[in-house]
Every structure is written in structure tokens, then in C-alpha cells.
Amino acid sequence: MQSERTFLEQQNISEALLRRVEEFRESYPVSDAVKNRVSRPSIPFYGKEILEMAITALLQGSNLLLSGAKATGKNILAENLAYIFGRPTYNISFNVNTDSSSLIGTETFRDNEVQLRKGSGYR
């Protein structure tokens with residue numbers, strides 16, 4: 001977090017928010033099995049107000065819906081937030097044929113019992 005912290009300090013992100021992010025990272029460590037999925041973004045997100053609002057919302061347990069036209073920085077923001085919070089990232093592609101069963105999963109009959117066949121989003 002040190003180099004990311006330096007970048008955030010240069011944007012004058014609130015010190016209180018930075019401390020709370022560090023507390024979050026300490027409270028919710030990433031398991032060794034997925035540590036390789038925590039990666040430094042190739043492009044830093046610039047925008048103090050947006051970053052502070054997003055960090056605050058996530059610290060309060062809220063979800064973010066990033067919407068807007070193409071090439072407005074939604075993926076860059078998401079990648080940077082994942083890195084700031086020390087979370088692994090996953091990429092799931094959606095298309096016109098994507099349905100809930102392909103994301104969450106569906107029931108299937110295996111070994112004489114009904115079991116969940118996990119979808120990509122669940123996994």
C-alpha cells in the first residue's frame with residue numbers, strides 16, 4: 001500500500017480515509033490462494049472527489065454501480081479501488097446470452113441428489 005498511499009497523498013486524499021483503508025486491509029487479509037490476483041493497475045485513477053466518494057461508500061459497506069459512456073474510466077477506477085483495498089480482481093464478460101445461471105449457477109442432479117453447479121460469478 002505504500003506506493004499507492006504516496007499516490008493518494010499526492011492527490012490530497014483525506015488522511016482519515018487512508019487510515020480506514022489500512023484498517024480494512026489489516027482486518028480482511030487476502031488468502032494466499034488469491035494473492036496473485038491482487039495487481040497494481042497499469043493506469044492510475046486521477047480524481048480526488050470521485051476516489052474519496054468511492055472509498056467512503058465501500059468503507060460503509062455499499063456497492064458501487066459504475067455507469068457511463070465508453071472510455072470514461074470505469075474500469076480504471078475499479079482496478080484502482082481493488083488495489084487500494086488490496087482485493088483480488090476478476091474479469092467476467094457479459095454478452096446478450098448471459099443469464100443468471102451462467103453467473104450464479106443452477107441446480108443439477110448428481111449422485112442421486114440435487115447439487116449446485118457453480119457459475120463463473122459464484123466461483
Side-chain angles (χ1 to χ4, degrees):
M1 166 95 186
Q2 189 56 38
S3 61
E4 188 65 23
R5 182 180 174 92
T6 303
F7 173 73
L8 295 172
E9 287 171 344
Q10 290 170 350
Q11 290 198 64
N12 295 319
I13 300 296
S14 161
E15 180 62 35
L17 280 179
L18 296 178
R19 279 195 305 273
R20 297 229 11 239
V21 167
E22 288 175 349
E23 290 169 6
F24 176 93
R25 289 172 67 119
E26 290 170 8
S27 297
Y28 301 99
V30 177
S31 72
D32 289 336
V34 294
K35 275 192 176 173
N36 63 326
R37 298 198 69 97
V38 178
S39 59
R40 171 183 276 287
S42 56
I43 301 170
F45 182 86
Y46 291 95
K48 175 185 191 265
E49 185 177 346
I50 299 295
L51 270 175
E52 284 189 337
M53 286 191 299
I55 290 169
T56 300
L58 292 172
L59 287 170
Q60 291 176 345
S62 297
N63 294 316
L64 298 177
L65 174 61
L66 304 177
S67 64
K70 286 185 171 191
T72 56
K74 298 179 298 292
N75 287 334
I76 293 170
L77 174 59
E79 291 169 0
N80 277 264
L81 288 170
Y83 183 67
I84 289 167
F85 281 89
R87 308 317 305 161
T89 56
Y90 300 87
N91 187 354
I92 300 174
S93 296
F94 292 85
N95 61 51
V96 70
N97 296 322
T98 302
D99 62 2
S100 62
S101 65
S102 63
L103 293 173
I104 299 168
T106 188
E107 295 174 340
T108 188
F109 196 69
R110 245 186 263 146
D111 299 325
N112 292 328
E113 62 181 63
V114 176
Q115 296 180 354
L116 175 66
R117 183 176 38 136
K118 298 173 185 173
S120 60
Y122 184 94
R123 288 190 306 263

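The basis for the numbers below is simple: all heavy atoms, side chains too, and nothing from hydrogens, waters or symmetry mates. Position 1 is the first residue of the sequence; numbering continues from there.
- Here Ala69 pairs with Thr72 under the side chain to side chain contact (heavy atoms under 4.5 Å, CB included) rule; sequence neighbours left out.
- Both Leu8 and Ile43 belong to a single network of hydrophobic side chains, linked directly or stepwise wherever heavy atoms of I, L, V, M, F, W or Y lie under 4.5 Å apart.
- In this structure, the ring pair (Phe, Tyr, Trp, His ring centres under 6.0 Å) partners of Tyr28, at least two apart in sequence or on a different chain, are Phe24.
- Not counting sequence neighbours, the partners of Thr89 by the side chain to side chain contact (heavy atoms under 4.5 Å, CB included) test are Ser39, Ala82.
- Evaluation of the salt bridge (charged side-chain N to carboxylate O under 4.0 Å, His left out) test over residues 30-48, restricted to residues two or more places apart or in two chains, returns Asp32-Lys35, Lys48-Glu52.
- For the residue pair Phe45 and Gly73, the shortest heavy atom distance occurs at CE1-O, 4.0 Å.
- Residue pairs that meet the ring pair (Phe, Tyr, Trp, His ring centres under 6.0 Å) test with at least one member in residues 47-75, sequence neighbours left out, do not exist here.
- Remark: Glu15 pairs with Arg5 by the side-chain hydrogen bond (donor to acceptor under 3.5 Å, both in side chains) rule, at least two apart or across chains.
- Distance check, rounded to the nearest 0.5 Å: CG of Leu18 to CD1 of Ile55 gives 7.0 Å.
- A pairwise comparison of heavy atoms in Ile76 and Asn80 identifies O-ND2, 2.7 Å as the closest pair.
- The side-chain hydrogen bond (donor to acceptor under 3.5 Å, both in side chains) search around Gln115 returns Arg110, Glu113, not counting sequence neighbours.
- Under the side chain to side chain contact (heavy atoms under 4.5 Å, CB included) criterion, Ser67 pairs with no residue at all, not counting sequence neighbours.
- The salt bridge (charged side-chain N to carboxylate O under 4.0 Å, His left out) analysis of residues 67-93, with sequence neighbours excluded, yields no pairs.
- Hydrophobic clustering, defined by side-chain heavy atoms of Ile, Leu, Val, Met, Phe, Trp and Tyr closer than 4.5 Å, leaves Leu65 isolated from every other such residue.
- Partners of Leu58 under the side chain to side chain contact (heavy atoms under 4.5 Å, CB included) rule, at least two apart in sequence or in another chain, are Leu64, Leu81, Phe85.
- Using modelled atom types, one side-chain atom of Arg25 and one backbone atom of Ile84 make a donor-acceptor pair closer than 3.5 Å.
- Taking CG of Leu51 as the reference point, atom CD1 of Ile13 lies at 5.0 Å (rounded to 0.5 Å).
- With rounding to the nearest 0.5 Å, the separation of CD in Glu23 from CG in Leu59 is 9.0 Å.
- Applying the ring pair (Phe, Tyr, Trp, His ring centres under 6.0 Å) criterion to Tyr46, with sequence neighbours excluded, gives Phe7.
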